[in-house]
Chemist: 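Got a structure for you, written out below as structure tokens; questions coming shortly.
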Amino acid sequence: MSPQGVELSLPKDVIARFPPMHRYLVGVSGGRDSVALLHLLTNLGYGRLIICHLDHQLRGRSSTADAKFVRGLGTKLKLECELSRINVAVRARRKKQSIETAGRNARYEFFARIARRRRCRTIFLGHHADDLVETFLLNLFRGAGPTGLSAMRQIAAREVDGMELTIVRPLLGTTRQEIDAFLKTHRLKYRDDATNQTLVPLRNRIRHRIIPYVEKQLGRKICGALWRAAMISADEAELAEKLVDPLSAGSSELGLKELREQPRALQRRTIHLWLQAQSIASLDFETIERVRALVEPDARQAKTNLPRDRHARRRAGKLFIE
């Protein structure tokens with residue numbers, strides 16, 4: 001696509017499901033992606049948006065300037081703003097998490113608080129096609145299955161602190177280049193985060209080093225193919241989730257007989273959703289496979305360890321958590 005005169009649009013199903021006359025939250029960091037999303041929404045008549053901005057306090061005066069810039073956007077567009085701040089670096093050390101993970105969790109907790117207070121559960125976020133590709137590769141390298149590979153969806157539900165958020169990412173089919181062209185066409189100002197150029201975060205290394213290296217070795221662009229693979233994974237994961245019996249996945253116990261009759265892929269999906277419903281954190285392939293091994297008729301073990309000193313146990317034809 002030509003970088004000149006680019007206009008962005010919302011997918012038709014997004015407009016149909018989330019019409020402009022209703023109230024929504026929108027996450028705005030002040031960077032190019034969220035600024036493009038905000039102006040796209042207002043141009044399409046979304047006039048009841050509530051701008052949400054969380055200052056991570058990671059870049060000193062620059063972080064403060066980001067918040068000031070976002071507040072100015074709200075004033076200019078005549079939109080309400082919800083601004084807050086948290087020391088993400090301190091949180092990361094306390095919880096023994098990466099800066100990226102601590103920041104992401106802090107943002108969603110902030111969104112949940114605003115959603116509860118404003119009685120508005122739907123939030124628009126500015127993730128785009130390049131973000132989807134990077135997330136797909138991150139999860140692929142970590143050994144994720146279809147659920148992990150499809151972790152970033154256009155419309156998704158996420159429970160945070162007892163609040164069920166509806167996450168809408170209307171730019172997942174839009175590239176970073178198209179967003180830049182849109183900003184240039186409309187002469188839109190945004191805040192540039194210098195940390196996006198550093199190679200400390202793994203995501204940045206994938207963006208600036210790994211993808212360009214692979215493209216050079218193969219002699220062709222790969223992001224389009226990876227984007228299609230991610231979208232296919234998302235569609236197939238959605239189908240698999242619909243095949244899972246919601247009563248079984250949400251119950252305190254799983255019947256071994258019923259599980260044994262399912263294909264292996266559906267067993268994994270059922271166990272994954274069941275463990276999530278039991279508030280088991282940090283689920284990975286190895287954890288799910290250890291639990292699935294208890295289902296086998298010739299399994300020698302009747303118990304396996306789970307995170308945070310919990311256990312899955314098999315007894316009397318049932319699987320349960322203790």
Chemist: For Phe111 and Cys52, work out which heavy atoms get closest and say how close.
Modeler: CE2-CB, 3.9 Å
Chemist: Within the supplied structure, the quantity of interest is the number of heavy atoms (other residues, nucleotides, ligands) at a distance under 6.0 Å from Asp298 CG; does it exceed 12?
Modeler: yes
Chemist: Without hydrogens or angle criteria, can the side chains of Gln262 and Thr270 be said to hold a donor-acceptor pair below 3.5 Å?
Modeler: yes
Chemist: Would you compute the distance between atom OG1 of Thr287 and atom CD1 of Ile271 and round it to the nearest 0.5 angstrom?
Modeler: 11.5 Å
Chemist: Which pair of heavy atoms, one from Trp274 and one from Ser251, lies closest together, and at what distance?
Modeler: NE1-O, 3.0 Å
Chemist: Is the shortest heavy-atom distance from the side chain of Phe18 to the side chain of Val168 under 4.5 Å?
Modeler: yes
Chemist: Do Val214 and Leu218 have side chains that get closer than 4.5 Å, going by heavy atoms?
Modeler: yes
Chemist: Can you name the side-chain hydrogen bond (donor to acceptor under 3.5 Å, both in side chains) partners of Gln301, sequence neighbours left out?
Modeler: none
Chemist: Taking the side chain as every heavy atom from C-beta outward, state whether Ile167 and Tyr108 have any atom pair closer than 4.5 Å.
Modeler: yes
Chemist: OG1/Thr304 to CD/Glu286 distance, rounded to the nearest 0.5 angstrom?
Modeler: 11.5 Å
Chemist: State which residues pass side-chain hydrogen bond (donor to acceptor under 3.5 Å, both in side chains) with Arg153; sequence neighbours excluded, sorted by chain then number.
Modeler: Ser150, Glu241
Chemist: Quick one about His56 and Arg85 (side-chain donor to acceptor, distance below 3.5 Å, no hydrogens or angles considered), yes or no?
Modeler: no
Chemist: Find the distance between CG (Leu49) and CG (Leu77) and round it off to the nearest 0.5 Å.
Modeler: 9.0 Å
Chemist: Could you pull out the closest heavy-atom pair between Pro20 and Gly45, with the gap in Å?
Modeler: CB-O, 3.6 Å
Chemist: Show your working on salt bridge (Lys or Arg N to Asp or Glu O under 4.0 Å) between Glu261 and Lys257 and close with a plain yes or no.
Modeler: CA-CA 7 Å; Glu261 293 173 350; Lys257 181 178 181 297; 2.9 Å; yes
Chemist: Determine whether the side chains of Thr122 and Arg23 contain a donor N or O and an acceptor N or O closer than 3.5 Å.
Modeler: no
Chemist: Test salt bridge (Lys or Arg N to Asp or Glu O under 4.0 Å) on Glu82 and Arg118; report intermediate values, then the result.
Modeler: CA-CA 10 Å; Glu82 290 280 0; Arg118 293 286 194 150; 2.9 Å; yes
Chemist: Which ILVMFWY residues can you reach from Leu239 by hopping between side chains whose heavy atoms are under 4.5 Å apart?
Modeler: none
Chemist: For Leu165 and Ala115, work out which heavy atoms get closest and say how close.
Modeler: CD2-CB, 3.5 Å
Chemist: Could you name each residue pair satisfying ring-ring contact (aromatic ring centres under 6.0 Å, His included) that touches residues 112-133, not counting sequence neighbours?
Modeler: Tyr24-Phe124, Tyr46-Phe124
Chemist: Heavy atoms, side chains only, cut-off 4.5 Å: are Ile211 and Val133 in contact?
Modeler: yes
Chemist: Are Arg158 and Glu164 ion-paired here, with the side-chain N under 4.0 Å from a carboxylate O?
Modeler: no
Chemist: Say you draw a straight line from CG of Leu275 to CD1 of Ile321; how long is it, rounded to the nearest 0.5 Å?
Modeler: 5.5 Å
Chemist: Could you tell me whether Arg91 and Glu109 have a side-chain N and a carboxylate O separated by less than 4.0 Å?
Modeler: yes
Chemist: Measure the shortest side-chain to side-chain distance between Leu83 and Ile51 over non-hydrogen atoms and say whether it is less than 4.5 angstrom.
Modeler: no
Chemist: What I want to find out is whether Asp192 reaches Arg32 closely enough, with some N-O distance under 4.0 Å, to be called a salt bridge.
Modeler: yes
Chemist: Test side chain to side chain donor-acceptor pair (under 3.5 Å) on Arg203 and Thr135; report intermediate values, then the result.
Modeler: CA-CA 8 Å; Arg203 179 180 292 274; Thr135 301; 3.0 Å; yes
Chemist: Do Ser252 and Phe320 touch side chain to side chain, with heavy atoms closer than 4.5 Å?
Modeler: no
Chemist: Please determine, by modelled atom types, if Arg169 and Gln154 share a side-chain donor-acceptor pair under 3.5 angstrom.
Modeler: no
Chemist: For a 4.5 angstrom cut-off between non-hydrogen side-chain atoms, does Met231 reach Leu132?
Modeler: yes
Chemist: Test: side-chain hydrogen bond (donor to acceptor under 3.5 Å, both in side chains). Region: residues 206-222. Which pairs qualify, not counting sequence neighbours?
Modeler: Glu134-Arg207
Chemist: Using the rule side-chain contact (heavy atoms from CB on, under 4.5 Å), only one of Val88, Val70, Ile86, Val28 pairs with Leu54; which is it?
Modeler: Ile86
Chemist: Is there a side-chain contact between Leu25 and Ile114 (heavy atoms, below 4.5 Å)?
Modeler: yes
Chemist: Please check: side-chain N/O of Glu178 versus main-chain N/O of Thr175, any donor-acceptor pairing under 3.5 Å?
Modeler: yes
Chemist: Does Phe182 have its ring centroid less than 6.0 Å away from the ring centroid of His186?
Modeler: yes
Chemist: Of all heavy-atom pairs between Gly173 and Ala129, which one has the smallest distance, and what is that distance?
Modeler: C-CB, 4.3 Å
Chemist: Does atom CZ of Arg264 have more than 12 heavy-atom neighbours from other groups under 6.0 Å away?
Modeler: no
Chemist: For the atom pair CD (Glu100) and CG (Asn105), what is the distance rounded to the nearest 0.5 Å?
Modeler: 10.5 Å
Chemist: Filter on side-chain hydrogen bond (donor to acceptor under 3.5 Å, both in side chains), then keep only pairs touching residues 312-322, sequence neighbours left out; what's left?
Modeler: Arg313-Glu322
Chemist: Can you measure from CG (Leu37) to CG (Leu10) and round to the nearest 0.5 angstrom?
Modeler: 7.5 Å
Chemist: Consider only side-chain heavy atoms of I, L, V, M, F, W and Y, link residues closer than 4.5 Å, and tell whether Val14 and Leu125 are in one cluster.
Modeler: no
Chemist: Which heavy-atom pair separates Cys81 from Gly74 by the least distance, and what is that distance?
Modeler: SG-CA, 3.8 Å
